[in-house]
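See structure below.
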Amino acid sequence: TQLLEQSPQFLSIQEGENLTVYCNSSSVFSSLQWYRQEPGEGPVLLVTVVTGGEVKKLKRLTFQFGDARKDSSLHITAAQPGDTGLYLCAGPGPGTASKLTFGTGTRLQVTL
Amino acid sequence: GAVVSQHPSWVICKSGTSVKIECRSLDFQATTMFWYRQFPKQSLMLMATSNEGSKATYEQGVEKDKFLINHASLTLSTLTVTSAHPEDSSFYICSPREADEQFFGPGTRLTVL
């Protein structure tokens, strides 16, 4: 079974703090994606990483794909209340690359 | 950008009734449609995959006779929850795919009393 385990499951921090969310698997992925989902809405794509060791930055968010392409991390600098939401990593498969399997999710709450 | 709509956005029904959820890709053609289910405080779980004009392929543990999927056109797919029960209460999200890009609908909240 191709599992994407995220940690932590839940994170409550104050505005201005930094945080890192991890997405780990025992399987190798050709690519990984990160999504953010707000309550009552569908997930929104933040980034896709495709190369082992790749680092991508999106304003205060930094995404990294592990060298072995089995893990990824999302680092948020100076978190803001608007960053609150469910963060999901996702990868293709199993069985067919057209499927997308989601990680277990990390719920982030940023308070003033 | 790609626009995906789902209707209804929320529905409350009595146990034993059937509920149909529509998913439309408004400005692109979805060759493949994925349906996900999300229970409170959990991640998205893939229920089934369908290609236009073909029968859906269901994930293990998902009853195909209970969750009827129709993907009759490249812009419309429906998910019908038949004889719904309280344990079917969930957030259902469609995800149409065009070429290598996958998009997500805004979701439908189903509550079965």
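Side-chain atoms are counted along with the backbone in the values below, which use heavy atoms only and exclude waters and symmetry mates. In what follows, chains carry the letters A, B, and so on, assigned in the order in which the sequence lines appear, proteins first and then strands, with residues in each chain numbered from 1.
- In the hydrophobic clustering of this structure, B:V112 groups with B:V11; members are Ile, Leu, Val, Met, Phe, Trp, Tyr whose side-chain heavy atoms approach within less than 4.5 Å, directly or through other members.
- B:Q38 and A:Q37 share a side-chain donor-acceptor pair at under 3.5 Å.
- When all heavy atoms are compared, the tightest approach of A:L100 to B:F104 is CD2-CZ, 4.0 Å.
- With hydrophobic clusters built from ILVMFWY side chains whose heavy atoms lie under 4.5 angstrom apart, B:M47 does not share a cluster with B:F91.
- Of all the heavy atoms in A:T104 and B:S43, the pair that sits closest is O-CB, 3.8 Å.
- Remark: B:E101 CD is loosely packed, at most 12 non-hydrogen atoms of other residues, nucleotides or ligands lying under 6.0 Å away.
- Summarising the local packing, NE2 of B:H85 is surrounded by more than 12 heavy atoms from other residues, nucleotides or ligands at distances under 6.0 Å.
- Contacts of B:L46 with chain A are made by side-chain atoms alone, with heavy-atom separations under 4.5 Å and no backbone atom involved.
- Rounded to the nearest 0.5 angstrom, B:L44 CG and A:T101 OG1 are separated by 11.0 Å.
- The contact between B:E59 and chain A is made entirely by side chain atoms (from C-beta outward), counting heavy-atom distances below 4.5 Å.
- Under the 4.5 Å side-chain heavy-atom criterion for grouping Ile, Leu, Val, Met, Phe, Trp and Tyr, B:V62 is connected to B:I69 within one hydrophobic cluster.
- The distance between the ring centers of A:F102 and B:F34 does not fall below 6.0 angstrom.
- Connection of A:V110 to A:W34 is established within a shared hydrophobic cluster, with ILVMFWY side chains joined at heavy-atom distances below 4.5 Å, either directly or through further cluster members.
- Of the two parts of A:Y35, only the side chain, counted from C-beta on, holds a non-hydrogen atom closer than 4.5 Å to a non-hydrogen atom of chain B.
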